[in-house]
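Report on the structure given below.
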Amino acid sequence: MRVMAQMGMVMNLDKCIGCHTCSVTCKQAWTNRAGTEYVWFNNVETRPGLGYPRRHEDQEKWRGGWTVDGRGRLRLRAGGRLKKLLTIFSSPVQPEIKDYYEPWTYDYATLVDAPLGDDFPVARPKSLITGEDTKVTWSANWDDNLGGGPEHAPFDPIVERLRAESNEKIKFEFEQTFMFYLPRICEHCLNPSCMASCPSGAIYKRSEDGIVLVDQDRCRGWRQCITGCPYKKIYFNHKSGKAEKCTFCYPRIEVGLPTVCSETCVGRLRYLGLFLYDADAVTAAASVPEQELYEAQMDLLLDPNDPEVLREARAQGIPEDWLDAAQRSPVYALAKKYRVALPLHPEYRTMPMVWYVPPLSPVVDLLTEQGHDAESTATLFGAIEALRIPIEYLAELFTAGDTEVVDGVLRKLAAMRAYLRDITLGRDPDDSIPASVGMSGEELYEMYRLMAIAKYEERYVIPKAHVEQAHDLEEMGCSLDYDEGPGMYDSGPLGEASGRPAPVAVETFHALRQRQTSDEATTEESLRGRVNLLNWDGNGRPDGLFPKRRS
Amino acid sequence: MDVVLWGVLPYLAVVILVTGTIWRYRYDRFGWTTRSSQLYESRLLRIGSPLFHFGILIVIIGHIGGLVVPKSWTEALGVNEDLYHFNALFFGTIAGIATLAGLAILIYRRRTTGPVFMATTTNDKAMYVLLVGALVLGLWTTLVAVGAGHDAHDYRETVSPWFRSLFVLQPDVDAMAAAPIQFHLHVLVALLLFTVWPFTRLVHAFTAPLHYLFRPYIVYRSRDLPAGTGARAPRPGWSPVGTRDRTK
């Protein structure tokens, strides 16, 4: 047993209102640069729907993730090492920009500059890829809230599969009864197929916290990771020619802060914490038959209170405060203790580490609309049985089609509702309710505390990176501070964004402040000639020590 | 003049190639990429790129065979002049035309696809001129040899000995000077191409990911990076503040 720690996330889909705040703040923090206009490390999809990029779950086409071959061995679906090298000159199944969307901006200047006339000036959409006029025909969440449902939703790969399997005409009545939001980030998998696909070996998993990152200095732009990732959460920066992905906001996590998407989540639906897992068992767990994948993944997660696990963890050098955090981990509690959080598409065999509590609200909403008591166990349990289509859809997303697991989770959520109503109304709690889902009253109440009250300190249990390692974090080259960043002086002679990154330090501090407070756009010149105060001997007034006087 | 061209220039090119590559690797690892444009356009790329790359790989193997292996060795193996020549010209012509056709498709794509043309730098354009030049001249020498039949110039008695003599630091200038003009031009353009190589996107060839065949699929790396593998090595004047026990 080789115990390793993994930062994980759980999202409680019942609470997601689809406001896209997570996507927007993530984009502002990480991908508001040239080359990454179409890149959404975090995006929110409406389900049923096509997803982003369009139909990315159709692995027959995109060939992402792993499969098991005839002899039960794990294989990359897109092909082995030799095949990858032989097809390296043109990646066979890479999505093009049209599979995402053509990013655009508007020609806002005409609104101000247009000559006086009878007509109102119009800001035309301009493509950020070609710079030409463009027509806006698609975006990252074009089918938001089932917009264009009858036109797009039938092409949801999961809907297609359900139709083929059940062989019955699913009309789109289920859109009226059934819709939910699915926020997606990189899964920071235990068995990442992007990493396995990378010819350069530039993608790595941090051994301390399991965060999967792309080494920007080693990436050569072979693009195999984009094919490899079944979630299509690796993006190609078309300016720098390198792969980029969600970083789990590692600079924030290292100092104990939640990720930007979690921190800004309006619904407070995200949970962050540690898992302990057995790294030696990952490949075996990923190779089991499809229906056993969920259980195999659960078995990988080790009990942080088990003395043997703790002993092994200490032997591996995991610090005490991390073990303590693992014991208080909300993600472990939701995934394994209460078993209400499920992995997204376990059938891809990547062992994803971002988990989801499936939504009960579509069921509740329907019952309320029909005038039933949506908080009694009997009605809820009955409805869960009756609503086969939503359950099957959720099962295709979270359990490789096993409806029993989803059923169990929804029953727990229903039981929690019913049990807590009695308590809230001052009635005697009915202990048969928790018993019917195999829990005790206290357990159910604890689960309610974690899921409904969800205090900040309970949602985010993030151990800090260690002080003795802290000096390595100082002045670390941030792989993403290139274009438009404070150290970015336009294109270098060797192509877009070449040259060394400039650290965000004393030299750039004033430049940054000036940039943020001035009315004019910063010119390249104003960023040059800064004085490094740490090396300044205190004599004279070197050029650039003070900002230029405004005339 | 011959001494400058065939005795000095090759060494100059090699020095710039080697030092330039080392410098680029140290200074600009972030810019070291294929700069793929497949995201913009994939249909033509899927035909042109493999055609060009596989073609050029065969051409390179052919060059190594022709330049490095002495004539006496192949003759000792029983390969006579005619058979060797036929093979070299036959495969050389096919590979050369495939490479050139691939490159033509790629350049056509680059010019006609808006986003791809926008992403083309001056550096790229200059490099393309040299690359096309070297290829066309190379194919020309081959076609001249095909046309001449048995009377074709045997480069294995002029160019090849000169090439090998470069490595023992005693360049056989006279041998190379005796070769016809098309060989001279081809070699000169090629030398120029090698000289600018480290400063163009061609550097991606030096990091061809052959180690992929041997590395484990899952890569773990500690946050505690050994110096030098990250974005920058610690530099003088930036040693961390703190007491000795707190800083390693």
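Residue numbers begin at 1 in each chain, while the letters A, B, ... track the order of the sequences.
Atoms CZ and CZ, on B/R35 and A/R220 in that order, are 14.5 Å from each other to the nearest 0.5 Å. B/F54 CZ to A/L86 CG: the interatomic distance, rounded to the nearest 0.5 Å, is 5.5 Å. Atom CG of residue B/L210 and atom CG of residue A/L85 lie 6.5 Å apart, to the nearest 0.5 angstrom. Atom-to-atom distance recorded for A/Q216:CD and B/R29:CZ is 13.0 Å, nearest 0.5 angstrom. Here the straight-line distance linking atom CG of B/L106 with atom CZ of A/F89 works out to 11.5 Å at 0.5 Å rounding. One finds the CZ atom of B/R221 at 10.5 Å from the CZ atom of A/R206 (value rounded to the nearest 0.5 Å).
Counted within 6.0 Å of NZ on A/K83, heavy atoms from surrounding residues, nucleotides or ligands total 12 or fewer; the atom is thus considered open. Within 6.0 Å of NZ in A/K464 there are 12 or fewer heavy atoms belonging to other residues, nucleotides or ligands. Counting non-hydrogen atoms of other residues, nucleotides and ligands closer than 6.0 Å to CZ of A/R2 gives a total above 12. Applying the 6.0 Å contact sphere to CZ of B/F206 captures more than 12 heavy atoms from other residues, nucleotides or ligands. Residue B/F194 qualifies as open at atom CZ: its count of foreign heavy atoms under 6.0 Å is 12 or below.
Pairing each heavy atom of A/S200 with each of B/P209, the nearest pair is N-CB, 4.2 Å. In plain terms, the two heavy atoms of B/S36 and A/G221 that are nearest each other are CB-O, 4.1 Å. Nearest heavy atoms, A/E96 versus B/S42: OE2-CB, 3.0 Å. Residues B/P50 and A/S90 approach most closely at CG-OG, 3.7 Å, considering heavy atoms.
The most heavy-atom pairs under 4.5 Å with chain A, out of B/I47, B/L213, B/D124, come from B/L213. Put simply, of B/V219, B/V116, B/I218, the one with the most heavy-atom pairs under 4.5 Å next to chain A is B/V219. Chain A forms the most heavy-atom pairs under 4.5 Å with one residue out of B/P115, B/S37, B/G48, and that residue is B/P115. Of the residues considered (A/A279, A/P95, A/P192, A/S197), A/S197 shows the highest number of contacts with chain B, using heavy-atom pairs under 4.5 Å. For chain A, the option among B/H204, B/M118, B/H53, B/E41 with the highest count of heavy-atom pairs below 4.5 Å is B/H53. Among A/T87, A/I129, A/D99, the residue making the largest number of heavy-atom pairs under 4.5 Å with chain B is A/I129. The candidate with the highest count of non-hydrogen atom pairs below 4.5 Å against chain B, out of A/L76, A/D209, A/I226, is A/L76.
With B/S222 contributing its side chain and A/S207 its backbone, the two residues share no donor-acceptor pair below 3.5 Å. Under a 3.5 Å cut-off, the side chain of A/K242 and the backbone N or O of B/F30 do form a donor-acceptor pair. Panel note: side chain B/T33, backbone A/G241; a donor-acceptor pair is recorded below 3.5 Å. Without hydrogens or angle criteria, B/T34 side chain to A/W222 main chain gives no donor-acceptor distance under 3.5 Å. Judged by distance alone, the side chain of A/R223 and the main-chain N or O of B/L39 form no donor-acceptor pair under 3.5 Å.
Contact annotation for A/C198: both backbone and side-chain heavy atoms come within less than 4.5 Å of a heavy atom of chain B. Of the atoms belonging to A/I203, it is backbone heavy atoms, and not side-chain ones, that fall under 4.5 Å from chain B. For chain B, no part of A/K98 is nearby; none of its heavy atoms comes within less than 4.5 Å. A/S91 touches chain B through backbone and side chain together, each having a heavy atom under 4.5 Å away. Interface remark: B/L51 contributes no atoms to any contact with chain A (heavy atom separation under 4.5 Å).
In this pair, B/Y40 and A/H238 present their aromatic rings perpendicular. The plane angle is above 60°, beyond the 30 to 60° band.
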Please test B/Y220 against A/M4 for side-chain contact (heavy atoms from CB on, under 4.5 Å), starting from the C-alpha separation and ending with a verdict. CA-CA 11 Å; B/Y220 293 103; A/M4 290 184 90; 3.7 Å; yes
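A 4.5 Å side-chain heavy-atom check between A/M195 and B/Y217 finds every atom pair outside the cut-off.
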